[in-house]
Asks: 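Quick one: this structure, given as C-alpha cells, is what I'll be asking you about.
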Amino acid sequence: MADTSQKVVTRFAPSPTGFLHIGGARTALFNWLFAKHHGGEFRLRIEDTDRKRSTQEATQAIFDGMEWLGLTSDKEPIFQYARRSRHAEVAEELLKSGHAYHCYCSKEELAEMRDEARKNGSPVSYNGKWRDKSPSEAPKDIKPTVRFKAPKEGQTVIHDLVQGDVITQNDHLDDMILLRADGSPTYMLSVVIDDYDMEISHVIRGDDHLVNAARQAQLIKAIGWELPAYAHIPLIHGADGAKLSKRHGALGVDAYQKMGYLPEAVKNYILRLGWSHGDDEIISEKQAIEWFDTDGLGKSPSRFDFAKLENLNGHYIRDVLSNEELLKTIKPALEKLLGKEINPKEEILLLSSLDEFKTRSKNINDLAASPLFLFAQRPLSIIPKAEKLLNDDAKIIMGKLHNSLSSLNNWTKEDLEQAVKDLSEKENLKLGKLLQPVRAALTGSNVSPSVFEIFIWLGKQETLNRMGDYSSFE
RNA sequence: GGUUCCUUCGUCUAGUGGUUAGGAUGCAGCCCUUUCACGGCUGAGACACGGGUUCAAGUCCCGUAGGAAUCACCA
C-alpha cells in the first residue's frame with residue numbers, strides 16, 4: 001500500500017517524439033486514477049529537452065489522445081525545455097559542492113570505452129577518466145560535459161511499490177552526464193528537478209525506467225532532496241510477446257478511435273492490463289477511482305489482445321451507452337456515408353431502431369454503417385449472398401406475401417406476424433424460407449435485424465415497394 | 001555480455017501454506033430463434049522445470065530454463 005500521508009501528486013511525462021501509444025495511455029491512466037483515488041493532483045509534463053526529436057505534431061497528438069481518454073491535467077502542462085536554465089542552475093550547484101565535474105572526453109573516446117567495457121564484462125561503460133583530474137589539465141579548446149560524481153561504494157535501494165526492494169550496487173553505475181557540451185540538461189537531471197519542483201509524490205511509470213530510478217535516487221540524495229515514491233509497472237507487449245512495435249499494436253490512441261473503439265472500452269481494457277481488483281472485469285470510471293491503488297498492480301508483463309478489447313467495446317456499445325450517446329458518436333460517420341445530414345424524422349427512427357443494431361456491432365464504425373439500408377434508394381443493390389436467396393420460387397412467394405400485406409389495414413407488428421404466419425401455413429413453408437428473401441429485398445443483405453422490425457421502420461409503402469422490386473406476380 | 005525484473009488455461013488475471021486451482025476473453029457444443037447478433041447452459045484448456053523447507057507448496061528458499069528491460073552528450 002502506498003504511503004499517502006503527504007499530498008498525492010502524480011504526473012505523466014511523455015516525450016513528444018511520436019504518438020501517444022497504448023502503453024503510455026495506460027501509464028497516464030494509472031497516474032490519473034491514483035491521484036483521483038487519493039484526492040490528489042494529476043499533472044502532465046512534456047519532456048521535450050531533445051530538440052532534434054521533439055515535434056509540435058507529437059505534442060498535439062499527446063494532448064489529443066489524453067483528451068479523448070478524458071485524462072485531464074489538473075494544472076497547465078509543463079514543458080521541460082522551458083525550464084532548462086533552472087536545470088543548469090542545479091548542475092552548477094552540484095559542480096560547486098563537488099558532486100559533479102567536467103568531462104572532456106570525445107564521443108570517439110567514449111565509444112572506445114564502451115567497447116572495452118563490454119569486452120571485459122565491466123558493469124560501467126564510462127571509466128571515470130576526468131573524475132579526479134584537476135581543472136588545470138583541462139584542454140582549452142574543448143567544451144566539456146558535466147558529469148555526476150556518483151558514489152562508488154555501497155548500494156542504492158529503491159523501495160518500489162510494485163517491484164519491492166530493488167538493490168543496485170553503486171559501483172555498477174557510472175558517472176552520468178548532467179549537462180551536454182552545449183550546456184543543455186539531460187533527461188536524468190531534468191526529471192529529478194522537475195519532479196521535485198512540481199512536488200510529485202508518486203512516480204508511476206514503465207519499468208524500463210527501473211534502472212534509471214537508482215541513478216536518479218543517487219542524484220536526489222546528492223542534492224539533498226527527499227525521494228518520491230516509485231511504482232514501476234511492467235510493459236505491455238504485442239500479441240506475439242515481443243516488445244510493442246508499429247507492426248503489432250503500438251498504435252497511437254487515435255488509431256483505436258478510428259477503428260471504432262470507445263474511449264470507455266479502451267480505458268477499461270488497459271486498466272485490466274497489469275492491474276486487477278479480484279475477479280472484476282467491467283469497471284466504470286467511478287468504480288476504478290474508488291478501487292485503484294498500487295497494491296492491485298501486477299509484476300509481470302502482459303500482452304495486448306484485440307479480441308478482448310473488442311468484446312469490451314461491444315459491451316459498452318450495447319449495455320452502457322444510451323442510444324442518444326451512441327447516435328452522437330456515430331452521427332458524423334453516418335452522415336458521411338449518407339452524403340447528407342440527418343433530419344429530425346430520421347433521427348427519431350435511428351433512436352428507436354438503435355436497440356436492434358447495437359447488439360450486432362462490435363465497433364462504432366460497424367454501428368454507423370448498419371442502419372444505412374433504411375435510407376437506401378430503390379432499387380436496392382443486393383450483396384451476392386443475398387442474391388442467392390432471390391431465386392424464381394422465392395420471387396413468386398414474395399409476390400404472394402406482397403399481395404397479402406398490401407391488403408392489411410393495420411400496419412402493426414401483430415397483424416404483420418399474423419399475415420406472415422397465415423401465408424407460411426397455407427404454402428406449407430418454414431418461416432425462414434419465407435422471410436429470408438424478404439430480408440434480402442428489404443435490406444439488400446442476408447443478415448439484419450428482425451424483418452418485422454424492418455416492416456415497421458420502413459412503413460407500408462416503402463416495404464411494399466422494396467418487396468415489389470424483387471417479386472414475381474402471377 | 002554485465003545488471004535488473006518477470007514466469008497460473010492461447011490471452012488478461014484471482015490466488016498471500018491445506019481450493020475439485022476461480023473468473024473473463026477466445027474456442028467447441030447445445031438451447032433460444034425468421035437470418036445474424038444478443039442472451040442462457042455445458043465442455044475442453046494453466047500452476048515453466050528441478051531440488052529443498054514443511055505434516056502439507058501455485059503460494060516460502062535455492063538452482064535451471066525461457067522471456068523482458070536497460071547499459072547514449074535519447075527520454
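Note that these values count all heavy atoms, side chains included, but never hydrogens, waters or copies made by symmetry. Worth saying up front: this structure is predicted, and the values here are computed from it rather than measured.
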Asks: Starting from the 5' end of RNA chain B, give me the residue, Arg439(A) or Asp208(A), whose nearest nucleotide shows up first.
Replies: Arg439(A)
Asks: Under 4.0 angstrom, heavy atoms only, what part of the nucleic acid is Leu312(A) near: base, sugar-phosphate, or nothing?
Replies: nothing
Asks: Rounded to the nearest 0.5 Å, what separation is found between the NZ atom of Lys433(A) and the CG atom of Leu431(A)?
Replies: 13.0 Å
Asks: Any side-chain N or O of Arg114(A) less than 4.0 Å from the OP1 or OP2 oxygen of A72(B)?
Replies: yes
Asks: Do His209(A) and the base of A75(B) stack face to face, with centres under 5.5 Å apart and an angle between planes under 30°?
Replies: yes
Asks: What is the distance, to the nearest angstrom, from the CD atom on Glu356(A) to the C1' atom on U33(B)?
Replies: 13 Å
Asks: Check every atom of C5(B), U34(B), U35(B) against the side chain of Gln163(A) and return the nucleotide holding the closest atom.
Replies: C5(B)
Asks: Answer whether the closest heavy-atom distance between the side chains of Leu251(A) and Ile22(A) falls below 4.5 Å.
Replies: no
Asks: Scan every strand shown for a Watson-Crick or G-U wobble partner of U7(B), both distances under 3.5 Å, and answer none if you come up empty.
Replies: A65(B)
Asks: Can you tell me the distance, in whole Å, between the CZ atom of Phe452(A) and the P atom of U33(B)?
Replies: 14 Å
Asks: Provide, to the nearest angstrom, the distance between the CD atom belonging to Gln436(A) and the P atom belonging to U34(B).
Replies: 11 Å
Asks: For atom C1', what is the distance between A28(B) and C5(B), given to the nearest Å?
Replies: 38 Å
Asks: Considering only the C1' atoms, how many Å lie between G52(B) and A57(B), rounded to the nearest integer?
Replies: 11 Å
Asks: Let's test this: given Watson-Crick or G-U wobble pairing with both distances under 3.5 Å, identify the partner of U59(B).
Replies: none
Asks: Closest to the Asn212(A) side chain: A75(B), A37(B), C73(B)?
Replies: A75(B)
Asks: Applying a 4.0 Å non-hydrogen cut-off, can you work out what Leu431(A) is touching in the nucleic acid: base, sugar-phosphate, or nothing?
Replies: sugar-phosphate
Asks: Using the C1' atom in both, what is the distance from U33(B) to G40(B), to the nearest Å?
Replies: 13 Å
Asks: Met113(A) has an atom CE; how far is it from atom C1' of A72(B), in whole Å?
Replies: 14 Å
Asks: Suppose you measure atom P in U64(B) against the same atom in G22(B); what distance do you get, rounded to whole Å?
Replies: 33 Å
Asks: Which base sits across from G1(B) as a Watson-Crick or G-U pair, both distances under 3.5 Å?
Replies: C71(B)
Asks: If we take the C1' atom in both A24(B) and G45(B), what is their distance in whole Å?
Replies: 14 Å
Asks: Picking from U70(B), U34(B), C5(B), which would you name as closest to the side chain of Val211(A)?
Replies: U70(B)
Asks: If we count only N and O atoms by modelled type, under 3.5 Å, do the side chains of Glu310(A) and Asn363(A) hold a donor and an acceptor together?
Replies: no
Asks: So what does Pro449(A) touch, heavy atoms closer than 4.0 Å: a base, only the sugar-phosphate, or nothing?
Replies: base
Asks: Where does the angle between the aromatic ring planes of Tyr256(A) and Tyr261(A) fall among parallel (under 30°), tilted (30 to 60°) and perpendicular (over 60°)?
Replies: tilted
Asks: Please state how far atom CZ in Arg360(A) lies from atom C1' in G39(B), giving the value in whole angstrom units.
Replies: 12 Å
Asks: Which of these, Leu33(A), Thr27(A), Leu29(A), sits in a side-chain contact (heavy atoms from CB on, under 4.5 Å) with Asn31(A)?
Replies: Thr27(A)
Asks: Between Lys362(A) and C38(B), is there a side-chain N or O to OP1/OP2 distance below 4.0 Å?
Replies: yes
Asks: Quick one: is Arg45(A) getting a side-chain N or O under 4.0 Å of the A75(B) phosphate, OP1 or OP2?
Replies: no
Asks: Identify the nucleotide, in any strand shown, that forms a Watson-Crick or G-U wobble pair with A37(B), with both distances under 3.5 Å; if there is none, say none.
Replies: none
Asks: Provide the distance between the two C1' atoms, one in C27(B) and one in G63(B), to the nearest whole Å.
Replies: 38 Å
Asks: Does Asn311(A) make a side-chain N or O approach to OP1 or OP2 of G26(B) shorter than 4.0 Å?
Replies: yes
Asks: Send over the distance from Asp195(A) CG to A75(B) P, rounded to a whole Å.
Replies: 15 Å
Asks: Got a list of protein N/O to nucleotides 11-16 of chain B N/O distances below 3.5 Å?
Replies:
| unit_1 | atom_1 | unit_2 | atom_2 | d |
| --- | --- | --- | --- | --- |
| C12(B) | OP1 | Arg303(A) | N | 2.8 |
| C12(B) | O2' | Arg272(A) | O | 2.9 |
| C12(B) | O2 | Lys308(A) | NZ | 3.2 |
| U13(B) | OP1 | Gly274(A) | N | 2.4 |
| U13(B) | O3' | Ser276(A) | OG | 3.3 |
| A14(B) | OP1 | Ser276(A) | OG | 2.8 |

Asks: Would Arg147(A) count as a cation-pi partner of Tyr126(A), with NZ or CZ less than 6.0 Å from the six-membered ring centre and within 45° of the ring normal?
Replies: yes
Asks: Could you pull out all residues at least two apart from His159(A) that satisfy side chain to side chain donor-acceptor pair (under 3.5 Å)?
Replies: Asp165(A)
Asks: Does Lys388(A), at its NZ atom, have more than 12 non-hydrogen atoms belonging to other residues, nucleotides or ligands within less than 6.0 Å?
Replies: no
Asks: Would you say a side-chain N or O of Thr49(A) is under 4.0 Å from OP1 or OP2 of A75(B)?
Replies: yes
Asks: Applying a 4.0 Å non-hydrogen cut-off, can you work out what Thr359(A) is touching in the nucleic acid: base, sugar-phosphate, or nothing?
Replies: base
Asks: Just call it for Cys103(A): base, sugar-phosphate, or nothing, with non-hydrogen atoms closer than 4.0 Å on any strand.
Replies: nothing
Asks: Is there a side-chain contact between Gln216(A) and Tyr230(A), using heavy atoms and a 4.5 Å cut-off?
Replies: yes
Asks: Kindly indicate whether a cation-pi arrangement holds for Arg84(A) with Tyr81(A), taking the cut-offs as under 6.0 Å to the six-membered ring centre and within 45° of the axis.
Replies: yes
Asks: Once you round it to whole Å, what is the distance between P of G10(B) and NE2 of His237(A)?
Replies: 19 Å
Asks: Nearest-nucleotide wise, let me know which of Val451(A) and Val166(A) is further upstream toward the 5' end of RNA chain B.
Replies: Val166(A)
Asks: For His159(A) and U4(B), give me the distance from atom NE2 to atom C1', rounded to whole Å.
Replies: 17 Å
Asks: In whole Å, what separates the P atom of U11(B) from that of C47(B)?
Replies: 12 Å
Asks: Who passes ring-ring contact (aromatic ring centres under 6.0 Å, His included) against His315(A), sequence neighbours left out?
Replies: none
Asks: For C73(B) and Lys107(A) - does any side-chain N or O of the residue sit under 4.0 Å from the phosphate oxygens OP1/OP2?
Replies: no
Asks: Which whole number of Å gives the distance between the C1' atom of C71(B) and that of G17(B)?
Replies: 40 Å
Asks: What about Ser450(A), does its side chain sit under 3.5 Å from the base of U34(B) through a donor-acceptor pair?
Replies: yes
